[in-house]
Amino acid sequence: MKGSHEEKNSTVFFSHCSGHPDKPLEIYMFVDPLCPECWALEPIIKKLQIEYGRFFTLKYVISGRLARLNISKRMKPEKLAQAWERTASRTGMSCDGNIWIDRPLSKPYIASLGIKSAELQGKKAGLRFLRKLQEQLFIESQNVSDETLLIQIAEEVGLDVSEFSKDLHSQSAAKALQCDLKITNEMDVHEIPTLAFFSENVEQEGLKITGIYGYELYVQVLEEMVGDSIKPSHKPPLEAFLQYYRFVASAEIAAVYDMTIQDVEKELRKLIFSQKVEKVQAKHGTFWRYLGEANHCK
């Protein structure tokens, strides 16, 4: 029973992250599952949700357009590989560019269909699937356009695998993806990642931020949209954070807790000794896997 009690406690710290109808703001996050810059935005998104999630609901929109989703056909593999490596070195969110040289993705759009198929089982299911897919692609260099791998991911994140397999070839998933692409066009989003901030006050204009900026800019936009200065929520204890998210990068912990990577490594070493986490060395940077059960929230 102790594990269950600890799990419940960890969830309390994240209750304000979930979507809620009374939140004054909505943020549309336009992402491409194959985009390393979207992956690199994760530390900022986690921190924003933990500190200010009580003010907004976050909606992921799978964009990238089919031309972008088939980017491997337009860009030389060497150039793609270099772009990925630069992003990884700059951000600490590891991604191995060699995948584009060694085993390029044959049908990249299938990864997006997989996410929309997972979403048919609920928003949180879709987010768990997206995160796991990104981990498989960027850290493990797996071919996420392979249907067998997508089904394996669905199983690992606790989806109904039979439903997922059917949905992957259904009109429902295809229409859901088309709907996201339509939203991308209607909101005039040409680059990703893009965050679009909207207020419940329909007369207030939305604000779009394209690319990755310092954390303070996003807080500034939230304050501008709320129309007042806002204070961050208390951060959860580090162990509760690890238990909740299950598998996180040193870069994500460093961003959320305002620590250096060296301090993160030092702090996490204590949890290794108590056998609560294990260290996973990636090509660029380090990840940490919580060894107990975890809850999910995004």
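Hydrogens, waters and symmetry mates are skipped; everything else that's a heavy atom, side chains included, is used. Since the structure is predicted, the reported quantities are computational estimates derived from the model, not experimental observations.
A salt bridge does not link Lys23 to Glu26: none of the charged nitrogens lies less than 4.0 Å from a carboxylate oxygen. Ionic pairing of Arg131 and Glu135 is present here: one or more N-O contacts between side-chain nitrogen and carboxylate oxygen are shorter than 4.0 angstrom. A salt bridge links Asp258 with Lys235; the closest basic N to acidic carboxylate O contact falls under 4.0 Å.
Listed by first and then second residue, the salt bridge (charged side-chain N to carboxylate O under 4.0 Å, His left out) pairs involving residues 277-286 are Glu85-Lys283, Asp96-Lys283, Glu265-Lys279, Glu278-Arg289 (not counting sequence neighbours).
Side chain of Gln121 to backbone of Glu119: no donor-acceptor contact under 3.5 angstrom is found. One N or O on the side chain of Asp160 and one on the backbone of Glu163 form a donor-acceptor pair closer than 3.5 Å. Between the side chain of Thr194 and the backbone N or O of Glu191 there is at least one donor-acceptor pair closer than 3.5 Å. One N or O on the side chain of Lys208 and one on the backbone of Asp188 form a donor-acceptor pair closer than 3.5 Å. Using a distance-only test at 3.5 Å, with no hydrogens or angles considered, a donor-acceptor pair links the side chain of Glu252 to the main chain of Ala249. Between the side chain of Trp84 and the backbone N or O of Trp100 there is no donor-acceptor pair closer than 3.5 Å. Under the 3.5 Å distance criterion, the side-chain polar atoms of Thr87 are matched with a main-chain donor or acceptor of Ala83. Distance alone, capped at 3.5 Å, is enough to place a donor-acceptor pair between the Lys47 side chain and the Ala255 backbone.
Between Tyr52 and Glu223, the side chains place no donor N or O within less than 3.5 Å of an acceptor N or O (distance only, hydrogens not considered). A donor atom on one side chain and an acceptor atom on the other are not found under 3.5 Å apart for Glu224 and Gln220.
With sequence neighbours left out, the side-chain hydrogen bond (donor to acceptor under 3.5 Å, both in side chains) criterion links Tyr213 to no other residue. In this structure, Asp146 has no side-chain hydrogen bond (donor to acceptor under 3.5 Å, both in side chains) partners at least two apart in sequence or on a different chain.
Residues Tyr28 and Phe197 place their aromatic rings such that the two centres sit no closer than 6.0 Å.
When every heavy atom of Ile230 is checked against every heavy atom of Val219, the shortest pair comes out as CD1-O, 4.5 Å.
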